[in-house]
Amino acid sequence: EVKKNGKNGFQFYTTQLDSELYERIELEGYLRKALERNELLLYYQPQIRTADSRMIGVEALIRWKHPHKGILSPNVFIPIAEETGIIYDIGNWTLREACRQMKQWHASGGPLIPVSVNLSSQQFHQSNLVEQVQLALEETGLEARYLELEITESMMMDASVSIDILNQLTSLGVKISLDDFGTGYSSLSYLKHFPIHKLKIDRSFVTDITENQSDQAIVATIITMAQNLKMDVIAEGIETKGQLDILMQNDCRGIQGYYFSRPLPASEVEHDFFVPLRLPGNPIILG
Ligand code: C2E
Ligand code: MG
Ligand code: MG
Ligand code: MG
């Protein structure tokens with residue numbers, strides 16, 4: 001809306017740029033310290049099986065508890081972490097912390113479900129990724145089959161080494177999910193050649209699914225294709241009962257979204273989703 005500001009437009013623009021730049025530099029400086037100061041934390045968003053509304057997994061989503069700005073979203077600081085290379089340390093921390101938390105839940109009688117961890121493209125191309133994943137599993141004691149790594153279509157596209165890395169990760173016993181599926185520019189033939197266990201249908205196809213026939217058709221097609229390829233499906237960003245109903249009519253078996261739960265601190269996941277485990281006489285039914 002710069003032009004509408006007339007004479008003052010340019011002034012406004014530079015001022016805004018300056019403050020954005022300033023904020024970036026400020027964040028970058030703090031971000032380097034954030035890890036050491038234990039300001040990073042993981043929230044966990046339950047993934048729900050539509051058939052019985054049980055939690056079948058959680059996605060670990062990073063947050064930064066900034067000393068002055070409160071809880072910051074990854075969209076604000078992950079791009080800075082990627083540009084500055086801090087992402088390697090953050091990524092390794094995230095892997096370990098997610099594995100540690102899930103192992104602790106397993107060890108304390110929580111549901112035997114997997115945790116999903118998002119990888120950034122830089123991590124995916126770091127030479128010791130497989131080693132780092134193996135270390136995280138060894139150091140925390142989490143079984144590999146309870147770790148899922150989320151990658152995006154573009155990450156598969158931009159290097160010939162990708163399939164090799166994915167095969168190595170899969171050999172460890174780790175599972176691979178394709179995040180934001182349908183928004184990238186990948187060729188469907190990748191699904192045939194790469195060891196992908198799960199497709200996560202991007203929220204952009206879900207948002208208008210109750211009114212938009214094209215979105216409905218796309219989602220139905222992805223679900224059918226995944227079933228034929230023996231892959232699991234999670235639809236992302238379900239916020240309403242109407243969206244859930246249509247997804248269930250199309251045989252979508254897994255969902256993730258605010259309708260069931262926002263991403264939560266670990267303690268709240270325990271409080272809200274482990275409760276049946278604590279009722280006397282109840283068998284372990286989650287997961
Ligand atoms: P993503 O992996 O696609 O994660 C899903 C995002 O959608 C999360 O945002 C989640 O809070 C949000 N979401 C879930 N359900 C709903 C819903 O019903 N409605 C709406 N409007 N949003 C919903 P979040 O936590 O802000 O994360 C944003 C992105 O940041 C993630 O997208 C992921 O790409 C990245 N990210 C998060 N944690 C990490 C991490 O540990 N490492 C890396 N490299 N990236 C991360
Ligand atoms: Mg994700
Ligand atoms: Mg996603
Ligand atoms: Mg994403």
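Numbering of ligands and ligand atoms starts at 1, following listing order.
Nearest-residue assignment for atom 35 (C) of ligand 1 (options G237, P74, S73; heavy-atom criterion): P74. Residue L61 holds the heavy atom nearest to atom 10 (C) of ligand 1 of all those in L72, L61, T183.
Distances shorter than 4.0 angstrom occur between a heavy atom of R63 and an atom of ligand 1. Not a single heavy atom of K200 sits under 4.0 Å from any atom of ligand 1.
With a heavy-atom cut-off of 4.0 Å, L42 does not touch ligand 1 at all. Under 4.0 Å from ligand 1, heavy atoms of I62 appear from its side chain as well as its backbone. Contacts with ligand 1 closer than 4.0 Å are made by no heavy atom of I90, backbone or side chain.
For ligand 1, one of its N or O atoms has an N or O atom of N118 under 3.5 Å away. Looking at ligand 1, you won't find any N or O of Q256 less than 3.5 Å from one of its N or O atoms. Ligand 1 has no N or O atom lying under 3.5 Å from any N or O atom of Y259, backbone or side chain.
Atoms of ligand 1 lying under 4.0 Å from any heavy atom of S120, numbered from 1 in the order shown and given with element: 44 (N). Applying the 4.0 Å criterion to heavy atoms of E239 picks out, from ligand 1, the atoms 17 (C), 18 (O), 19 (N), 20 (C), 21 (N). Listed by atom number, the atoms of ligand 1 under 4.0 Å from Q45 heavy atoms are 14 (C), 15 (N). Those atoms of ligand 1 with a heavy atom of P263 less than 4.0 angstrom away are 11 (O). For ligand 1, the atoms lying closer than 4.0 Å to a non-hydrogen atom of I238 are 18 (O). The distance from ligand 1 to the heavy atoms of E236 drops below 4.0 Å at these ligand atoms: 3 (O), 5 (C).
The atom of E150 nearest to the Mg ion (ligand 2) is OE1, with the search restricted to N, O or S atoms.
In the model, Q249 has no side-chain atom that pairs as donor or acceptor with a side-chain atom of D245 under 3.5 Å. Side-chain N/O atoms of Q126 and N128 include a donor and acceptor closer than 3.5 Å. Under 3.5 Å, the side chains of E59 and Q256 contain a donor-acceptor pair of N or O atoms.
At distances below 3.5 Å, at least one donor-acceptor pair connects side-chain atoms of H197 with backbone N or O atoms of I176. Judged by distance alone, the side chain of N167 and the main-chain N or O of I163 form a donor-acceptor pair under 3.5 Å.
L178 places a side-chain heavy atom less than 4.5 Å from the side chain of M156. Annotation: side chain of E236 is not in contact with side chain of I255 (no heavy-atom distance under 4.5 Å). At least one side-chain heavy atom of S162 sits less than 4.5 Å from a side-chain heavy atom of F124.
Each of Y43, W93, F77, Y30 was evaluated against W64; a single residue qualifies, F77, per the ring pair (Phe, Tyr, Trp, His ring centres under 6.0 Å) test. For the side chain to side chain donor-acceptor pair (under 3.5 Å) with E148, the lone residue among K198, K175, Q47 that qualifies is K198. The only member of I87, L31, I86 that meets side-chain contact (heavy atoms from CB on, under 4.5 Å) when paired with I80 is L31.
Distance check for N118 against the Mg ion (ligand 2): an N/O/S atom falls below 2.8 Å. At least one N, O or S atom of E59, from either the backbone or the side chain, sits less than 2.8 Å from the Mg ion (ligand 2).
Here the angle centred on the Mg ion (ligand 3), running from OD1 of D180 over to OD1 of D179, is 90°, rounded to 10°.
Here E268 pairs with nothing under the salt bridge (charged side-chain N to carboxylate O under 4.0 Å, His left out) rule; sequence neighbours left out.
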